2 protein chains.
Amino acid sequence: MAVPLDLDQLQSFCAIADCGSFTEAARRVHKTQSAVSMQIKRLEERLGRLLLTRDGRSVSLTNHGEALYARARKMLRTNAEILDHFSDGDLAGTIRFGVPDDYAVRLLPVILSSFQRTHPKIVVDVACMASEQLLEGMKVGRYDLIVFTQGTGSTFGELFRTERMFWVASHGGQALATDPLPIACGPQCCIWRADAVEALNRVSKDYRIAYTSSNATAISSAVLSDLAVGFLPESALQPGMRVVSDEQNLPRLGDAQIALLRASHAYGSIYDALANHIVSSMGNLDVHPTLASAAE
Amino acid sequence: MAVPLDLDQLQSFCAIADCGSFTEAARRVHKTQSAVSMQIKRLEERLGRLLLTRDGRSVSLTNHGEALYARARKMLRTNAEILDHFSDGDLAGTIRFGVPDDYAVRLLPVILSSFQRTHPKIVVDVACMASEQLLEGMKVGRYDLIVFTQGTGSTFGELFRTERMFWVASHGGQALATDPLPIACGPQCCIWRADAVEALNRVSKDYRIAYTSSNATAISSAVLSDLAVGFLPESALQPGMRVVSDEQNLPRLGDAQIALLRASHAYGSIYDALANHIVSSMGNLDVHPTLASAAE
DNA sequence: TGAAATCTATTTGTTAGACGAATAGATGTC
DNA sequence: GACATCTATTCGTCTAACAAATAGATTTCA
């Protein structure tokens with residue numbers, strides 16, 4: 001191996017990929033814009049490929065950039081893990097953390113309790129609400145780190161898990177057989193709502209929005225009490241719910257993409273520690289293990 | 001994250017861990033001894049721990065060093081994977097590769113065929129024989145890269161897989177019930193032989209070495225034809241063999257440790273490519289995913 | 001016991017290259 | 001068409017990584 005890559009460059013690269021801007025990325029990694037620009041230039045020269053497309057307006061990853069990103073992330077995670085492991089004394093501080101309420105119930109307790117055990121001096125201040133509100137709050141600086149779900153299309157933040165979405169009904173209920181189909185879902189802004197509505201229209205299925213709430217438990221209750229049919233990601237399924245099989249005439253839904261988003265200042269050791277913990281606890285994405293499968 | 005670690009330092013660190021010498025490691029990474037010495041000094045300062053113990057004669061890893069080593073290796077593998085992925089044109093060259101014959105049968109075809117598919121221009125010259133002979137051949141420069149198995153004690157080379165060892169007999173055969181127990185195994189030098197013999201003595205089991213060969217297929221045949229009982233690692237088990245359950249009075253055997261060893265010159269892109277491929281294809285070791293479990 | 005050999009650590013001087021500041025060039029906005 | 005806001009580039013500075021040489025420590029062998 002001639003000379004290994006420079007993690008500093010990869011860090012800048014990932015920062016740009018995350019926020020879509022050289023200037024903003026520079027702030028995050030505590031460098032000037034020119035330094036970041038030159039780092040990327042050197043990285044691209046080193047690998048002999050264009051990694052980012054600069055369209056004046058926005059910056060996005062090329063295919064090669066995508067291929068690099070996943071692996072670079074992995075290396076940076078391991079790097080942060082090492083630094084965390086060797087950091088003297090326990091890390092201390094407070095993290096304002098946001099998570100969609102549908103995941104909160106199932107996943108949070110496990111994840112946060114094991115995190116608290118290894119990092120007793122980090123206080124995690126948890127907020128549970130819909131992804132849209134979390135993103136809103138992130139904009140005004142209310143959180144340091146949030147987990148949120150996004151549609152299949154636009155990707156920003158750090159994608160670390162995908163999940164199948166299922167139509168669900170109550171066991172032995174009538175809602176599923178009703179026409180038009182009564183549906184329980186989040187408010188207008190709900191990311192999945194648009195996807196589901198579009199899918200229903202595509203198969204010309206009659207439906208009506210029978211129940212709306214920005215509270216996930218409220219929606220679950222509506223489904224469980226047979227008021228309506230709902231759609232949920234795999235890990236939000238609850239006992240008493242019945243997954244509607246593909247044989248029914250309901251359209252297949254797109255996958256839920258779960259990502260991590262940091263405030264621009266949240267790139268320190270304690271944030272890395274929590275982010276790493278979440279990704280390794282519930283992440284289900286990884287680069288294909290062998291190059292065999294990764295090669296084009 | 002203040003400033004990420006330097007992969008260059010980690011590379012030197014791993015090279016030292018692999019060969020137990022600053023001077024030799026320096027040759028491998030194409031630097032002077034002083035440069036390597038200073039790199040380690042900086043790395044130890046950075047992490048605030050002693051990573052290597054220099055006892056004048058030999059150099060070995062401290063506990064902190066061990067913890068770092070596994071993660072550093074992972075990063076270096078990913079690094080090599082990236083460079084491989086982006087290397088222009090197909091890598092070309094010849095690799096003189098050695099592998100124990102017991103593994104050759106089961107694993108080689110799959111591994112090498114997928115490797116050839118992604119790296120058609122790399123010629124892999126395969127030698128199949130017992131680990132001891134491979135190590136012997138490595139000493140005199142006959143191989144670039146070998147896979148070999150070692151006992152539970154001494155570790156050198158790059159450990160990437162462990163496997164349970166099983167006592168095996170033929171289906172419905174008599175050998176297992178015979179007293180003293182007839183055993184088929186490798187020659188004197190066989191690593192497992194000492195372990196098995198020691199285990200038998202520990203439980204005061206009478207046995208006799210009934211069949212000896214340095215050829216793994218010969219031993220398998222002896223077991224299959226009920227001439228004797230044998231002991232094999234999990235992945236060398238073959239149809240027609242019966243694993244002797246723990247209820248029988250045979251002692252539990254230690255695990256087989258499978259490692260990779262490179263010639264001192266074999267640190268280039270094509271060697272990395274094959275080494276990575278092998279490790280990701282058949283490796284079953286990894287750093288614990290979360291720090292939770294890794295913390296002391 | 002002492003000389004030679006062979007380690008690692010340290011010192012010194014040189015130099016590449018990474019960075020920040022300033023500027024140019026490009027693009028979209030009002 | 002002026003302005004704002006990106007990224008690229010130029011320039012000068014300075015850090016820090018390196019090779020070469022040397023010192024210090026330890027083992028080996030006579």
Side-chain angles (χ1 to χ4, degrees), chain A residues 1-62 64-65 72 79 139 156 264 267, chain B residues 1-62 64-65 72 76 79 156 264 267:
Chain A
M1 182 189 323
V3 39
L5 294 169
D6 183 357
L7 279 188
D8 216 18
Q9 291 174 10
L10 294 181
Q11 189 181 24
S12 297
F13 170 75
C14 285
I16 295 173
D18 287 340
C19 68
S21 154
F22 279 59
T23 310
E24 169 60 21
R27 269 191 289 273
R28 296 192 183 182
V29 298
H30 307 292
K31 290 191 166 51
T32 62
Q33 172 264 320
S34 82
V36 169
S37 182
M38 285 190 300
Q39 279 189 320
I40 298 304
K41 187 182 176 184
R42 286 193 297 272
L43 184 59
E44 288 180 326
E45 271 169 8
R46 172 75 197 276
L47 297 179
R49 310 289 154 91
L50 208 70
L51 299 171
L52 299 165
T53 53
R54 297 81 154 165
D55 326 319
R57 196 90 222 94
S58 68
V59 178
S60 58
L61 291 171
T62 64
H64 294 302
N79 173 73
K139 269 188 202 141
F156 59 106
S264 58
Y267 283 81
Chain B
M1 186 190 322
V3 37
L5 293 168
D6 183 355
L7 279 189
D8 217 17
Q9 292 174 8
L10 295 180
Q11 189 181 23
S12 297
F13 169 74
C14 286
I16 295 172
D18 287 340
C19 67
S21 154
F22 280 58
T23 311
E24 169 59 22
R27 272 191 288 274
R28 296 192 183 182
V29 299
H30 307 292
K31 290 193 165 49
T32 61
Q33 173 264 320
S34 79
V36 169
S37 184
M38 285 189 301
Q39 279 189 321
I40 299 303
K41 187 181 176 186
R42 285 194 297 271
L43 184 59
E44 287 181 325
E45 272 169 8
R46 173 73 198 276
L47 298 179
R49 311 288 155 91
L50 208 68
L51 300 171
L52 299 166
T53 54
R54 297 83 154 164
D55 325 319
R57 193 91 222 97
S58 68
V59 178
S60 58
L61 291 172
T62 63
H64 293 303
L76 290 172
N79 174 72
F156 60 105
S264 58
Y267 283 80

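Each chain gets a letter, A, B and so on, in the order its sequence line appears, and its residues count up from 1. Because the structure is predicted, anything quoted here is derived from the model rather than measured.
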- Item | For atom CD1 of Ile16(A) and atom P of dT7(D), their distance in whole Å | 8 Å
- Message: I need the single residue from Val36(B), Val29(B), Thr23(B) that forms a side-chain contact (heavy atoms from CB on, under 4.5 Å) with Ile16(B). Which is it?
- Response: Val36(B)
- Lys41(B) atom NZ is separated from dA16(D) atom C1', nearest whole Å, by 13 Å
- For the side chain of Phe22(B), counting heavy atoms from C-beta on, which of dT7(D), dC7(C), dA9(C) is nearest? dA9(C)
- Task: Round to a whole Å and report the spacing from CG of Leu10(B) to C1' of dA17(D).
- Result: 16 Å
- Task: May I have the distance from Glu45(B) (atom CD) to dA17(D) (atom P), rounded to whole angstrom?
- Result: 11 Å
- Query: How far does OG of Ser37(B) sit from CZ of Arg54(B), to the nearest 0.5 angstrom?
  - Reply: 7.0 Å
- Note on the structure: Separation of dT8(C) atom P from Glu24(B) atom CD, nearest Å, is 10 Å
- How does protein reach along nucleotides 13-30 of chain C, written 5' to 3' as B (base within reach of a heavy atom under 4.0 Å), S (only sugar-phosphate), or - (no contact)? -----SBBBB----SS--
- Inter-residue atom distance Arg28(A).CZ - Cys19(A).SG, 0.5 Å rounding: 4.5 Å
- Less than 4.5 Å apart, any side-chain heavy atom of Asn79(B) and any of Gln11(B)? no
- Query: dT8(C) C1' sits how many Å from Ile40(B) CD1, rounded?
  - Reply: 12 Å
- Message: Restricting to side-chain hydrogen bond (donor to acceptor under 3.5 Å, both in side chains), what partner residues turn up for Thr53(B), sequence neighbours left out?
- Response: Ser60(B)
- Can you tell me how far CD of Gln39(B) sits from CZ of Phe22(B), rounded to the nearest 0.5 angstrom? 10.5 Å
